[in-house]
Amino acid sequence: MVSFIARRVAAALGTLFLSSVLVFLAVQALPGDVATQVLGKDATPDAVAALREKLSLDRPAWERYTDWVRGALHGDFGTSLVSGKAVGSEVSMYLGNSALIALITVLFAVTGSIVLGILAGLYRDRWPDHLISTVSLVGMSVPEFVVATVLVLCFSVALPWFPAVVLYGPDASVGQLLPAVWLPALALAVVMAAYIVRMARTSVIDVMASEYVTTARLKGLSTWRVVTRHALPGAMLPTLHVIALNVAWLAGGVAVVENVFNYPGIGKLMLSSVQNRDLPVIQAIALISAVVYVVCNLAADLGAMALNPKLRTRGRTR
Amino acid sequence: MTTLDTAPPAPPATAPARAARAWRTLRSSRAAVIGLAIVGVHVLIAVLAPLLTSYDPIANDSSHALLGPGWDHWAGTDQYGRDVLARVLYGGRYALGVSVAATLVTVALGTVVGCAAALRGGWFDDVLGRVLDAVLAVPSILALLVVVTALGTGPAVIVLAIAVVYVPQVVRVVRGAALAVVPADYVTAARARGESTWSILRREVLPNITDVVCVEFAMRASWVVLLISSLSFLGFGADPPTPDWGLMVAENRTAITVVPMASLAPIIALATLVVGLNLAADGLSKAWGVDRIREGS
Amino acid sequence: SGPAAAPVLPAAAKKGAPDRGGTLRIARPPASEAETLDPASALSAYEYLGALYNRLVRVDANGDLAPDLAESWEPDAQARTWTFRIREGVTFHDGRRLTAADAAYTLRHILDKATASPQAAVLAPLIDPKTLRTPDEHTLVVPLKTPNAEFPSLLTHYNCYVVPDGSARSIGRTGIGTGPFKLESFAPAGPGRVTAYTDHWQGRPVLDAIAFYSVADMSARSNALLAGQVDLLSQTNLDFATARVVAASSRATVARVKNAQWYVLPMLTTEKPFTDVRVRQAMKLAYDPEHVVKVALQGAGTAGWDNPVPPSDPAHIAAHPAHDPEKARYLLKQAGHEGLATDLYTSSYDPIFTPMALAYQDSAKRAGIRIKVKTAAADSYYTQIWMKKPLMATYWYTGRPVDQLFTQVFRGGSSYNETAWSDKDFDALLDRARRETDDNRRRELYGEAQTFVVEKGGAMTPMFADRLVGLSRKVRGYAEHGFEFDYLGIGLKGA
Amino acid sequence: MTSIVSVNSLSVAYRSGGRDVSVVHEVSWEVAEGRTLALVGESGSGKSTVAATLLGHLRHGSRITAGSVHVDGSDVFSLPARELRRLRGNTVAMVAQNAGHALTPSMRIGRQIAEAGGDVPVVDLLEQVRLPRPAELARRYPHELSGGQQQRVAIAMAVAARPKVLVLDEPTTGLDVVTQRGVLDLIGALRDELGLAAVLVSHDLGVVAHMADEVTVLRSGRVVESAPTRQLFAMPQDPYTRRLLASVPRLDDAGLALVGEAGEREVRPKAHVPDTAPVAVSARDLTIDYGSSRAVHGVSFDVRRGEVLALVGESGSGKSTLAWTLAGLRTPSGGTMTHDSGDLARPAQKRPLALRRRVQLVFQNADTSLNPRRSVGDAVRRPLRFFGTAATRTQAADRARRLISDVRLDPALADRLPAQLSGGQRQRIGIARALAGEPDVLIADEITTALDVSVQADVLRLLDDLRRERELACLFISHDLAVVRGIADRVVVLRHGVVVEEGPTDAVFASPGHPYTRRLMAAALEPDPDAAPFVDGAVDWSDAAEPDDLWTDHGPGHRVRRWRPADRLTTEGVS
Ligand SMILES: Nc1ncnc2c1ncn2[C@@H]1O[C@H](COP(=O)(O)OP(=O)(O)OP(=O)(O)O)[C@@H](O)[C@H]1O
Ligand SMILES: Nc1ncnc2c1ncn2[C@@H]1O[C@H](COP(=O)(O)OP(=O)(O)OP(=O)(O)O)[C@@H](O)[C@H]1O
Ligand SMILES: [Mg+2]
Ligand SMILES: [Mg+2]
């Protein structure tokens, strides 16, 4: 068990390392000289040279990479080319705001969709299943920006229950943001839940058809007991990974929704830093998203371990 | 030969018969039929758009701006006086064209790489897995934005960007499917004959994962359509005045209370196409016994 | 415009007296994180500047010069030395009294290289900072290097707000000025708040406070207005469709500021093919400005005919070449660019850009010009596209005195010369006009300059647009011209 | 005599393509208290379907179209849900075929047993099914047990609530002979101890003969014959039953049995392999490793042209590993392998083409050995073209047709997909494909294990014919001793990768020299209720081979690895 965790963590670290290299290389590939970019129309050759030196652009890429990684390990992601502030603190501010949305989204989407998915799976081919499946199909088929726009129209403009946009900056307090997180969270939850519902449904159906559930039934157990004790752990296993992927997707998927709601979150920062070629910020966001992805997957693995004794008691994954 | 060896009474199957059988299985799934029909209608509309409407989707006509639905303009006009219906009809061309191209490239590449990984195994598979995982760890929208920013917008760039983002996921799915095939004895037999990797891949593995690949195609296509529309919506996709659904929503959503059809029509078009693709993927996977969500996520 | 399509938009905001007090909430597009409140180098924080500061001289609603912190001013006979009489009894927000030294410091601050003020390019050829004199506490004498009859108009620019003596280091954050509001908080590209300055020399404003919010997305901004989260959208010219949505709403309405901004399609004269004057002329002759006004503005504006001087300006001349696609075609052929194909960059920064670009594209087709409209990101539009791409869409606020306009935007080497057009003859013409003290003669020279720009310059000016400002139905006393509105009188009813 | 179970004219069907497909037709039978009834028949004959109806269970999509099932006086399919649950818990219990799948993987087995109800403590139950250290075992998860242990747990679970009827659906099919014997003995003992009625589903007539009081033979969902066990085995009435019985190979057959239409048996003597026949392949001190674990330790053997050498041993003894290595799919870590035309030490891709085609493999599982998307003709044509044995396309097609008829199939089948053939037909195609390279060595890895007995007999016949016709050297791998007896000329007994005994088939079967061989033979079940064990039970032993003194000789070519009786009682563990 310990070795299983150790291996997973090692793999996760490897992934992170590779991601960081990829991100660094990709960002280097962005066209245009950064220094000229930053200085804009005022760029004199002297100023460009000075800035190049300041940004250490004149040094070989691998040196810059190691510097960057060393800094990142100490929480120092450099300074933003646009605002001149420390990237680390800036990104974490935006990230915190997004985390608020993510938390609410995950809470609602995950619990709700698991319950719905299980219901659909148990009532397979009957009306609750048809209803849930149809709704989730539509949820999957409508892009986030449409859901978000419709929500604004309904619940901000027509019925002024929630703010249509966030008027605060990234340093807003939780209290200021709280009224504004519900609509974005709902928009994200609709899209995210659709996938989890469908996954939960299929795996419940699969597990309910398995021999061990049949055996449990033939033991004369009640349906409730069969479902909760025998079927659920098995059904949750594949669902767990879908949930993890969806949570990781949130890290990037918020971009569109945050844009619609002017929400000062990581997605919005991502858009604007790509547009402004704010390389240190892009790198930091990519790296942090990679961390989120890796952590989510690791969490899913650990969850799988809790649900699946085979993983807990054996050293090997397969 | 004797007695109890009872052969099933199946008719001999030739290649066309095999196709017919695939079609029969497919037809047995209502979802797949409906889904493919919806997609087919979309394709038809896109191809026949010039015959279906006499309006030019990009001609400005200031004297007929922001009209509600009426006899001349069934779905009204937008703020440039362009016929909304014409734009929606033509809009499928961009959405379908780019999505199909992007999906084809993505799935083809992913399939070859995924099969090769499964077949080769060993360090090749390990290293590839690590690299793909690392790519997956970067949010797709960020990767897309970076590619598009680096190379500029345009259909070719978007196809490339989508390939970058989705190939790893396709590789995963296809590799998973191929891994189920690779240990099969007929692959072993081919290996024992000493056949080359490529020939094993083409003759033994690929035919057995075509169903997975087809389902993957349909599902990927639905994601790609959504992604492309999101890109257009964010201003990274089609350039105006291209008739494109995502762009139309972005252009008209502020005016949704005045000319609702200008936003609703492209949304409906987009949603039905994606529903069609999703239904097709669902139906195909059910008919062919591919568990799509599990593999697709 | 369409019969059923375009109902008449309300021409102005609700009239009537506001209630005293209240907080006005303004949504504005975020500028960069580098945004500063230092008026000399500020590029975008117009709303703050107008509330926090005063200038020596301002432009009134009729386009004439009016006294602000300078009670009066006069030139010597050759318009070479200008003497300003500084108002007494004015205090800064920190309680200090305003003196001529502050005014002199303001000019020196603008001219200081370290400040990097855009206005420095306009003023530096005229003023040597060392020669500024303050004979007494309330007199400022400005000797000019060359005579300039329009000099005071150059001080109406928003870079010329008066700041306290010696404040260069801190002014970008503190925002201490003499304006009707004082700064409470400010975050670059973020929210901020100003509160009424009760000791303002013109008396306290009607409002208690103004809250500013930054909202990047145009439709998010209008949604905020529709949802009643903000009272006014600044720096936002609503497109026609949005204006109709706003006008139809129960919470908000639209105010219309006539010919408030002029829209430009600048061709970079340093980039092929626009280096060739024939191509520039062809581009201008190729399109019909009336068509652009109709498509992009639904008629809510005036055709510009490539003359940047607004029709309301006394110096404006109406003469211009007629729309002639055939001639354009011919010119292009001569220049070896028949069937010219080029990219035209726009952005959602301003909702009119894309309509204008599409209208131009549509119209120029007849001359065989193929335009590809490309959308660039709003956030970085003015750092990545403006003055970088050969052809793009942009706009200016009207309300610049004609000399300021030409000097700032068209003179060779000036900071905002967005077409990088540099023509010695034109510059000489400008110099002559500036020196000319006879008003009529000067007006004629500026007329010549306009012809010059129309014929040879790189800027296409399709139209002057009425600005459609979205504001809450509660807002009273809204009056806007140039870069600012009436901060003293604006207020809310029933807030 | 009261019958506790009675099935009356039961018909079951499922809907497919809008019409009912019948699976079981008007089946009737009864079981009296304390008696055991066996349901036998080929795969797909409806055995499991009928058995499960005793618990009121039907597969998803199928339904009862006629008849009824009564258990302990109640009509199972008209019981309300609550009553049905009570019936399942208390009156009838089921042991499913594959305990590995039937136990919930995320639950400790103790809990699962306790859940089944009844008052007997879990530990006692585990003890009753003879599992060692029951208290500790109860805390384990299913995957921490071996297949045999899992099956015992499933049995414990079934008898926990002390039901009156036990339904056993192929309870030992997945297990090897030795383990199977143990589980069957346990079931028998429990049945007698608790006085249970049992319904045993099996296709293995040996198991049936050993366990059942009565037998019902099913074929395509219909009852063919029903009789007390002794009577059925002694005087089968129905020709089908007779053929079925006759097809079962027996340990005392000296050759392959030929079965006639009416079930008459005739044993064909083995082909004579002259001593002068050249050696086709030979292995010397072969060692094969999987990573750090050694699967095969220093095995040596020769196979001569026209000879069948059988490799026997329980599951995991390294038989397949040897086969794969010979075929060039694994590289040995030590020793040599030679073919008369070259060295076999290198993997297949690196062997010269000429050598590659000389050694061919036939796979165990006919389902997975043919590409389901390619016609069987394709499967045969490919090696013809690949090895260059047929120069042109038409030639290849011709030759493929000939090969297909060589394996006694209709060449018209060439256009079919594997799924359209029966298991036996597929296995023949597999053989045809192997023959396409014109090999002189054929490796047959459990090629009949997955087939029904009658089909198995046909395939064995074919193999025997082929080796006679083509002088094939054949390495025949099996764990079924009766099959080996009929076809092999010589036997090599493998245990944990080590050869413990080898010799001419007759000699080894007549006097097995190694206790391990004896144990294998003792565990084999003959299709005869009165059969005495073929050999006496084995003694406990330990290996006594010295590096330079490995063997004891028991006659010409028959040698046995040195062993000695165990000093103390080594509990080999209950598998
Ligand atoms: N619901 C169903 N859907 C499809 N086929 C079914 C269904 N129920 C039963 N069958 C078919 O009915 C036949 C009988 O199945 P059953 O499992 O009872 O056979 P069996 O004798 O137990 O076979 P085996 O020895 O392989 O276990 C099979 O051919 C099976 O495919
Ligand atoms: N791919 C592998 N990796 C590691 N160990 C393996 C592998 N394949 C087989 N083994 C191990 O090698 C040993 C021999 O396996 P092999 O498959 O040759 O046995 P077998 O005699 O063919 O058994 P069966 O009768 O079940 O087919 C077993 O202990 C098995 O666990
Ligand atoms: Mg069965
Ligand atoms: Mg084996």
Side-chain angles (χ1 to χ4, degrees), chain A residues 1 3-4 118 121-126 129 201-240 300-318, chain D residues 48 51-61 76 79 81-109 111-118 139-145 150 153-154 157-161 163 167 169 291:
Chain A
M1 172 166 159
S3 87
F4 171 75
I118 291 171
L122 290 181
Y123 288 89
R124 177 185 181 185
D125 293 340
R126 280 187 273 164
D129 177 29
R201 175 180 176 273
T202 22
S203 40
V204 164
I205 288 176
D206 278 1
V207 171
M208 289 306 286
S210 74
E211 274 183 49
Y212 61 82
V213 169
T214 308
T215 305
R217 281 199 168 147
L218 295 186
K219 272 199 275 186
L221 301 179
S222 67
T223 308
W224 172 250
R225 198 177 170 91
V226 170
V227 170
T228 53
R229 294 298 174 80
H230 294 263
L232 266 196
M236 285 311 296
L237 260 180
T239 314
L240 213 59
D301 282 340
L302 294 184
M305 219 164 79
L307 290 177
N308 185 355
K310 239 181 232 181
L311 298 176
R312 231 179 306 156
T313 48
R314 232 191 253 163
R316 303 178 60 88
T317 36
R318 28 182 169 191
Chain D
S48 300
T53 56
L54 300 195
L55 291 97
H57 177 70
L58 286 171
R59 240 175 280 194
H60 187 81
V76 173
L79 284 179
R82 174 181 297 266
E83 294 292 314
L84 183 64
R85 276 218 307 275
R86 188 165 306 146
L87 174 90
R88 285 171 175 179
N90 300 333
T91 313
V92 209
M94 174 137 170
V95 177
Q97 170 167 355
N98 190 339
H101 293 162
L103 295 173
T104 303
S106 56
M107 230 170 158
R108 292 180 200 279
I109 57 167
R111 289 266 307 280
Q112 298 197 44
I113 295 173
E115 228 182 20
R139 300 188 36 76
R140 292 215 197 155
Y141 289 98
H143 72 272
E144 294 173 288
L145 307 179
Q150 285 172 344
V153 168
M157 205 158 77
V159 300
V167 179
D169 189 354

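Residue numbers start from 1 in every chain, and the chains themselves are labelled A, B, ... in the order their sequence lines are given, proteins ahead of strands. Side chains are part of it too, since the values below use all heavy atoms of this structure and drop only hydrogens, waters and symmetry mates.
Residue L218(A) holds its CG atom at 13.0 Å from CZ of R85(D), rounded to the nearest 0.5 Å.
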Inset, instruction - Begin from the C-alpha positions of R229(A) and M107(D) and carry the test side chain to side chain contact (heavy atoms under 4.5 Å, CB included) through to its verdict. - result: CA-CA 8 Å; R229(A) 294 298 174 80; M107(D) 230 170 158; 4.1 Å; yes

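Annotation for H57(D): atom NE2 counts as buried by contact number, over 12 foreign heavy atoms lying within 6.0 Å.
Within residues 208-216 of chain A, the residues approaching chain D closer than 4.5 Å by heavy atoms are, in numerical order, E211(A), Y212(A), T214(A), T215(A).
Among residues two or more places apart in sequence or in another chain, the side chain to side chain donor-acceptor pair (under 3.5 Å) test is passed with E115(D) by K219(A), R225(A), H230(A). The salt bridge (Lys or Arg N to Asp or Glu O under 4.0 Å) check on R140(D) picks up E136(D), with sequence neighbours excluded. Under the rule for a side chain to side chain contact (heavy atoms under 4.5 Å, CB included), the partners of A304(A) that lie at least two apart in sequence or sit in another chain are L237(A), L240(A), H241(A), L311(A).
If you measure heavy-atom distances from R111(D) to chain A, the contacts under 4.5 Å come from the side chain alone. Proximity to chain A is absent for every atom of A93(D), based on heavy atoms less than 4.5 angstrom apart.
Between P309(A) and S106(D) there is a side-chain heavy-atom pair separated by less than 4.5 Å.
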